[in-house]
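Right, one structure below, let's go through it.
In the text below, chain A, chain B and the rest are named by the order of the sequence lines, each starting its count at 1.
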Number of protein chains: 2
Amino acid sequence: MSDERRKFKRESAESRKEALILATLELVAENGVRGATVRGIAERADVTQGLIRHYFSSKEELITAAYEHHMTFMTDQTFAPASAVQGTALERLTAFVTASLTPPVVDPRAIALWASFLNKVQQDPHMKATHERTYAYFRDQLEALITAALNEAGRPAPPARLRQLAIACNALIDGLWLEGGALPDAFAPGELAEIGRQSVAAMTGLNLKQGAETS
Amino acid sequence: MSDERRKFKRESAESRKEALILATLELVAENGVRGATVRGIAERADVTQGLIRHYFSSKEELITAAYEHHMTFMTDQTFAPASAVQGTALERLTAFVTASLTPPVVDPRAIALWASFLNKVQQDPHMKATHERTYAYFRDQLEALITAALNEAGRPAPPARLRQLAIACNALIDGLWLEGGALPDAFAPGELAEIGRQSVAAMTGLNLKQGAETS
DNA sequence: AGAGAAATTATACACTTGAATAATTACTGG
DNA sequence: CCAGTAATTATTCAAGTGTATAATTTCTCT
């Protein structure tokens, strides 16, 4: 009887990379970027530390890749639901606000990651560019939806007003996102999204009500 | 002529502690908690690293003291202006919103500190208690001001509504605070506060306008 | 089945970190 | 003025860090 226990299994580059990135995100969320050590990440991904250098030329590169991965995930989770809605601009705005204030976007881990990455984002030009692009995209989408919904309602507004409205609604969503992630037990399911819709409604004068979602 | 160059100067325990705390906050804002090394802090405070242990029994204790110091500063800067106002509840609410969205509360460094401390705050029970107390105090004050201002205007609201309003206004302020600190050049001086007052006005139905401030 | 190549592990290294201890220095009280 | 004491510096230490390199192991291809 030969020894059937293999010491390790070869995986595709893609799945290994992803496993390493996911382990990295876990540890960054728990202990910050500096607290996410190469050894810790390797252990979490069930490999030895040498393998990390085989797929990423440095820890810096792994961190950057993990950040990119996370930002893509968050963006997708936020925009997919709103894009799926085929109805009026008002309905799309409502879906957008709702998606932004519902798990998995609202999540303690997402807050932790956001905070952990902040320092590095502000120092590394590449990460900074990624961050600002994502942020601008979010706000521009919001402003476009508000503009369209107001036009649709026959209540167009001047650009300066639209800018202010977008800034305020964006801030409101950010703040609720933060509160929901920081104090997960302080809000009933759906409560944050409801508050978000009502508040955006109050600020814009539009009537955001949660309608039936088309699958 | 004797040698007048002293190798160091003895300082009072208080001033040395504060110097160490300020140096700690600088480095925590720049490099995060783990990036704020004992040696770096000592260098920034112009002492040798051994001295830190003379005043703080561990780095942990120094970090905690620095966090406490920062939170006290932020709370004072936020509440002092509103407390100074002797007028109506509406005026006090206006002053509160304005102070929350004006330097030095709005400040890139404050954001960086908030993010840097978040991990540790969530793990250390003592720091977590400090954080939650500060947060609850802020929101309760806001809810009380909104309640008083609505009563004053002859438009009282039920508790559930007041809670939602406080959550939303708090989130708005948090979000604007975040945006202003993260993108300091994106807003004209006073613009954030103006947006904040207008948005709180829209959500509450109150008329917040910046009045003359009594000295 | 077996050699070649790539994936993975194993080991080593130079450096940083927080902490501990020993050695100086400056101030204070008589 | 000068001892005593506390503040401050100087040095040391063990553990942890990212990175580099060497040694294995698994898989593929014919």
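- Phosphate proximity of dT17(C) to R34(A): absent, as no side-chain N or O sits under 4.0 Å from OP1 or OP2.
- Contact annotation: K7(B) side-chain N/O to dT9(D) OP1/OP2 distance is not under 4.0 Å.
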Original post:
Which is it for E194(B) and R197(B) under the salt bridge (Lys or Arg N to Asp or Glu O under 4.0 Å) test, yes or no, and what are the steps along the way?
Top reply: CA-CA 5 Å; E194(B) 178 61 24; R197(B) 287 189 298 268; 2.7 Å; yes

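- Each of D174(A), I173(A), I167(A) was evaluated against R139(A); a single residue qualifies, I167(A), per the side chain to side chain contact (heavy atoms under 4.5 Å, CB included) test.
- A sub-4.0 Å separation between OP1 or OP2 of dA7(C) and a side-chain N or O of Y55(A) is absent.
- R39(A) contributes a side-chain N or O that forms a donor-acceptor pair with the base of dG18(D) under 3.5 Å.
- Within 4.0 Å of F56(A), counting heavy atoms only, lies no atom of the nucleic acid at all.
- If you measure from atom CG of L62(A) to atom C1' of dT17(D), you get 15 Å, rounded to the nearest angstrom.
- Taking only distance into account, the side chain of R10(B) meets the base of dA26(C) through a donor-acceptor pair shorter than 3.5 Å.
- Counting non-hydrogen atoms under 4.0 angstrom, R16(B) reaches the backbone sugars and phosphates but no base.
- Nearest nucleotide to the F8(A) side chain, out of dT9(C), dA19(C), dT8(D): dT9(C).
- The distance from atom CD of E60(A) to atom C1' of dT19(D) is 14 Å, rounded to the nearest whole Å.
- Counting to the nearest Å, the C1' atom of dT17(D) and the CG atom of L27(A) are 15 Å from each other.
- Per the geometry, CD1 belonging to I63(B) stands 12 Å off C1' belonging to dG18(C), to the nearest Å.
- One finds no side-chain N or O of H54(A) lying less than 4.0 angstrom from the OP1 or OP2 phosphate oxygen of dT8(C).
- Taken from CZ in R34(A) to OG1 in T37(B), the straight-line distance is 8.5 Å, to the nearest 0.5 Å.
- Residue whose closest nucleotide on DNA chain D sits further toward the 5' end, between G50(A) and T37(A): T37(A).
- Under the 3.5 Å distance criterion, the side-chain polar atoms of W177(A) are left unmatched by any main-chain donor or acceptor of S100(A).
- If you measure from atom CG of L20(B) to atom P of dG18(C), you get 14 Å, rounded to the nearest angstrom.
- Of the listed nucleotides (dT21(C), dG18(D), dT9(C)), dT21(C) has the atom at the smallest distance from the side chain of R53(B).
- Distance, E14(B) CD to dA6(D) P: 19 Å, rounded to whole Å.
- Summary of the strand contacts: K9(B) and S57(B) both lie near DNA chain C, and taking for each the nucleotide with the nearest heavy atom, the more 5' one is attributed to S57(B).
- Nearest nucleotide to the K59(A) side chain, out of dT8(C), dG18(D), dA19(C): dG18(D).
- One interatomic measurement links the two molecules: CG of L51(A) to P of dT19(D), which rounds to 15 Å at whole-angstrom precision.
- Not a single donor-acceptor pair under 3.5 Å links the side chain of S57(A) to the backbone N or O of R53(A).
- Rounded to the nearest 0.5 angstrom, I195(A) CD1 and L172(A) CG are separated by 9.0 Å.
- At the heavy-atom level, Q49(B) lies under 4.0 Å from base atoms of the strands shown.
- Put simply, CZ on R6(A) is 21 Å from P on dT24(D), counting in whole angstrom units.
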